[in-house]
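Predicted, not measured: the structure shown is a model, and the values here were computed from it.
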Amino acid sequence: MPNSPTDRPRRIRIRREGPLLVEGPVEVELEDGTVVSSDRFRVALCTCRRSRRFPWCDTSHRSRTKGR
């Protein structure tokens, strides 16, 4: 992916009790060094680690926040 000074910065939206919404396309480097990518215009990154599709959010966080 291009990463030059002329590229506009990526916007990341932080949602309380939810995923990080990132303007795409993106590449994500996991803890083990594996790189996963998405060419979608916006991706949701899991912050609760409950997602079966980690690092992509599958809305599993919703069950965690109910009944708090």
Query raised in the report: Can you list the residues that meet the side-chain hydrogen bond (donor to acceptor under 3.5 Å, both in side chains) rule with E29, with sequence neighbours excluded?
Result: none
Query - Check: C57 and R50 side chains under 4.5 Å, non-hydrogen atoms - result: no
Query raised in the report: Do the non-hydrogen side-chain atoms of L21 and P19 ever get within less than 4.5 Å of each other?
Result: yes
Query - More than 12 heavy atoms from other groups under 6.0 Å of CD1 on I14 - result: no
Requested in this report: Would you kindly confirm whether F41 and L20 end up in one hydrophobic cluster when ILVMFWY residues are joined by side chain heavy atoms under 4.5 Å apart?
Outcome: no
Report task. Considering non-hydrogen atoms only, spot the tightest contact between E23 and R10 and give its length. Result -> O-CD, 3.2 Å
Query - S51 side chain to W56 backbone, donor-acceptor under 3.5 Å - result: yes
Report task. Please report the shortest heavy-atom distance between S38 and V43, naming the atom on each side. Result -> OG-CG1, 3.2 Å
Query raised in the report: Any link between V22 and V35 through a network of hydrophobic side chains (Ile, Leu, Val, Met, Phe, Trp, Tyr) touching at under 4.5 Å?
Result: no
